[in-house]
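The figures that follow rest on heavy atoms only: side chains count, while hydrogens, waters and symmetry mates do not.
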Amino acid sequence: MSLGDDRPLLSVRGLVKRYGPQVACLDVGFDLWPGEVLGVVGESGSGKTTVLDCLSGRVAADGGRVEYATAAGDVVDVRRLEEPRRRRLLRTEWGVVHQNPRDGLRMGVTAGANVGERLMALGARHYGGIRDAALSWLTQVEIAADRVDDLPETFSGGMQQRLQIARNLVTRPRLVLMDEPTGGLDVSVQARLLDLLRGLVADLGLSAIIVTHDLAVARLLAHRLLVMRAGEVVESGLTDQVLDDPQHPYSQLLVSSVLHP
Amino acid sequence: MSDPALEVSGLDKHFTLHVQGGARLPVLTGASLRVAPGECVVLSDPSGAGKSTLLRVVYGNYLAQGGKVLVRHRGAMVDMAQASPRLVLDVRRHTMGYVSQFLRVIPRVPALDVVAQPLRDRGQAPFEARARARALLERLLIPERLWTLSPVTFSGGEQQRINVARVFVADYPILLLDEPTASLDAASRLVVVDLIREARRRGVAILGTVHDAQVRGEVATRVRTLASAEAA
Amino acid sequence: MSAYNFAYLDEHTKRMIRRAILKAVAVPGYQVPFGSREMPLSYGWGTGGVQVTASVIGPGDVLKVIDQGADDTTNAVSIRKFFERTTGVPTTTRTDLATLIQSRHRIPETPLHAGQILVLQVPIPEPLRWPEPREAETRKMHALEEYGVMHVRLYEDITRHGRVAQTYEYPVLVNGRYLMRPSPIPKFDNPKLDMSPALLLFGAGREKRIYAVPPHTRVRSLDFEDHPFEVEHWDRPCALCGARGVFLDEIIVDDKGGRMFACSDTDYCARRQAEGAIGPNGA
């Protein structure tokens with residue numbers, strides 16, 4: 001990450017989502033640069049997951065701009081993109097890692113097919129080549145190569161999550177959206193997954209937006225943080241600064257509430 | 001003074017503890033100092049005066065409420081107090097190293113990789129980065145059998161030496177050292193003193209806190225307190 | 001005197017179905033929804049095929065009806081009788097003499113010629129139904145040409161069985177655009193879909209879809225570069241007429257498990273025999 005990249009990869013302004021009178025997120029804005037990891041922290045109901053859902057298009061936002069600098073070099077407003085192009089974007093330059101790996105995998109199809117699907121969707125037609133790519137990515141996420149023909153149902157939670165990550169990374173996305181990637185996993189499994197994510201982000205130069213309620217995960221993975229409460233961003237800044245010298249009363253409450261074993 | 005590498009002027013820092021009813025804790029008021037390349041300025045205030053706070057503000061870890069923290073970065077003066085998070089990270093990566101009073105450990109990363117990390121962040125290949133890290137670990141008298149272990153199980157002194165190694169492995173033009181020799185035995189202290197003096201000779205600008213008077217005498221080119229007026 | 005309209009359906013219904021057929025012909029391989037009517041046979045017995053045939057048949061036609069290649073099985077006999085009663089149109093077992101052929105599960109061995117219409121009966125029209133159960137999603141996938149998931153299915157077959165195991169209803173790409181399920185014909189018949197001089201119509205009554213492959217349209221069976229599409233082979237000729245390179249049925253001939261292999265296309269076999277061809281088992 002050099003300051004030669006003078007244009008952000010993603011520029012969000014005024015993102016709004018309402019459910020009737022209820023505001024899920026209001027006036028959310030931030031920039032994300034190549035190679036940067038942004039953590040979005042907050043408790044349940046803070047709107048952090050809504051922000052992610054609005055970005056991925058899983059939910060239609062009510063307002064705001066989401067400008068993305070594509071690999072081709074043009075800047076598109078993702079919210080106003082034609083559906084075929086948006087869907088293609090989500091399958092190539094973006095990745096989405098769901099909290100529950102079952103939401104992001106085809107459970108009835110082998111690990112190899114799960115990883116190879118994006119390639120096949122983009123026109124890959126050589127079985128051997130697809131399988132090799134799948135094997136290579138399984139290795140990258142530390143899944144034993146001999147599991148390539150197994151169904152995800154036979155995998156542990158941590159392995160399913162790593163498989164989901166591999167499935168997304170196979171098209172070398174530039175931006176990955178992650179919703180509580182370690183949620184629901186045992187602590188030791190979480191730790192292993194976090195190490196993997198740290199390594200992949202660094203090695204592949206990924207940009208990522210990681211939603212988490214766990215400040216330890218945020219400190220480990222994110223360069224910058226957004227602290228959200230009741231749908232609004234109450235504080236943002238460098239991760240260590242927000243966690244070590246929180247300014248907003250809510251941020252201070254959040255940080256002071258964390259138990260240290 | 002020749003063009004300073006680091007210039008703090010009129011720095012105000014207080015904490016507002018909202019969780020404790022909004023209690024206000026002033027720590028720094030109008031703090032000012034300058035450090036030129038090749039200087040080692042050591043703050044000698046008693047504990048609680050805000051020396052560590054100052055270092056953290058300079059590093060961008062704490063936010064200042066007023067004043068400037070100018071740092072020479074890539075040929076230009078950058079105000080850390082106003083810099084965007086991205087700029088702060090770039091300064092930390094290329095210009096400013098910081099030895100804090102404790103090492104934040106990620107439980108599964110081996111000591112060798114902890115020390116090599118700043119070089120990897122600058123894009124250096126693992127092989128070279130680790131080679132340099134090894135050299136430093138040897139110099140700091142960390143036994144080789146510990147290199148593949150995570151520092152989480154190390155003693156305080158060993159962790160402190162990893163902390164020091166991590167900063168001296170890269171060539172930072174500016175160093176912030178917060179009690180770099182605390183909890184070190186005499187032999188290790190000597191090594192750290194040598195590292196600091198070598199850095200000084202290379203033209204590194206160093207700002208630090210050292211409570212041990214002898215060590216202070218060996219490394220400092222100037223000793224002052226937060227309150228004392230900056231010499232012209 | 002028959003109380004039914006010509007070919008059973010009222011003229012409005014025929015018009016509606018013809019509109020659907022025209023649309024289907026205009027967009028090869030695209031599934032056109034239509035208002036499937038109650039027919040005097042159950043779902044699963046060819047109501048879609050019968051409605052398509054009833055909408056295109058005219059007094060000048062000659063109709064052939066086959067089921068699994070044979071003119072004399074129950075399904076074929078019933079449907080042929082139905083059209084005899086409701087249209088009075090002449091019927092035949094000869095593929096080369098028919099103008100309109102309704103078929104379940106096979107395409108005749110005798111090559112079709114220009115001017116002929118083949119109507120195929122379809123149970124499930126949607127090729128993406130296995131990987132994607134949601135109708136809303138499959139419609140989007142067709143609209144956006146998102147067919148990668150179909151190759152996932154083939155990939156799985158190769159992984160599990162070393163080759164694509166699908167031997168009937170083998171998915172095809174029509175005119176380079178739409179993914180199509182060619183009705184449960186054996187994959188052996190897939191090549192006959194490609195650049196056929198005849199018009200191929202597909203009707204699914206229960207699922208209420210019609211689709212079409214106009215004459216001289218490219219129809220390609222899906223495959224991988226390193227696992228190309230292959231048809232079935234038999235290591236023996238038809239026991240009755242000696243034909244090779246045709247689809248053979250396996251027929252159990254006695255209680256001891258004795259079996260013979262014979263042409264599934266009864267018309268083709270009978271005519272070869274009439275011309276003097278003899279297979280290992282004789283006539």
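Contact annotation for B:Q117: neither backbone nor side-chain heavy atoms come within less than 4.5 Å of a heavy atom of chain A. Proximity to chain A (any heavy atom under 4.5 Å) is shown, for B:Y59, by neither the backbone nor the side chain. Heavy atoms closer than 4.5 Å to chain A are found nowhere in B:R122, neither backbone nor side chain.
For B:T16 against A:Q252, the heavy-atom pair with the smallest separation is O-NE2, 2.8 Å. Contact between A:D245 and B:F15 at its shortest, heavy atoms only, is OD1-CE2, 3.3 Å. The shortest heavy-atom contact between A:L253 and B:V19 is N-CG2, 4.0 Å.
If you take CG on B:L89 and NE2 on A:H223, they are separated by 6.5 Å, rounding to the nearest 0.5 Å. Atom CG of residue A:D31 and atom CZ of residue B:R86 lie 9.5 Å apart, to the nearest 0.5 angstrom. Separation of atoms NE2 (B:H18) and OG (A:S256) is listed at 11.5 Å; rounding is to 0.5 Å.
No more than 12 heavy atoms of other residues, nucleotides or ligands sit less than 6.0 Å from atom CZ of A:R229. In A:R65, the CZ atom is not crowded: 12 or fewer heavy atoms of neighbouring residues, nucleotides or ligands sit closer than 6.0 Å. Taking a 6.0 Å sphere around NE2 of B:H211, one finds it holds 12 or fewer heavy atoms contributed by other residues, nucleotides or ligands.
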Chi angles and distances behind the side-chain contact (heavy atoms from CB on, under 4.5 Å) call for A:R224, B:V88 | CA-CA 11 Å; A:R224 281 193 297 132; B:V88 170; over 6 Å; no
Would you please test A:D203 and B:R120 for side-chain contact (heavy atoms from CB on, under 4.5 Å) and show each step?
-> CA-CA 10 Å; A:D203 292 341; B:R120 302 278 289 120; 4.1 Å; yes
Salt bridge (charged side-chain N to carboxylate O under 4.0 Å, His left out) evaluation trace for B:R56 with A:D240 | CA-CA 11 Å; B:R56 282 174 179 260; A:D240 63 278; over 6 Å; no
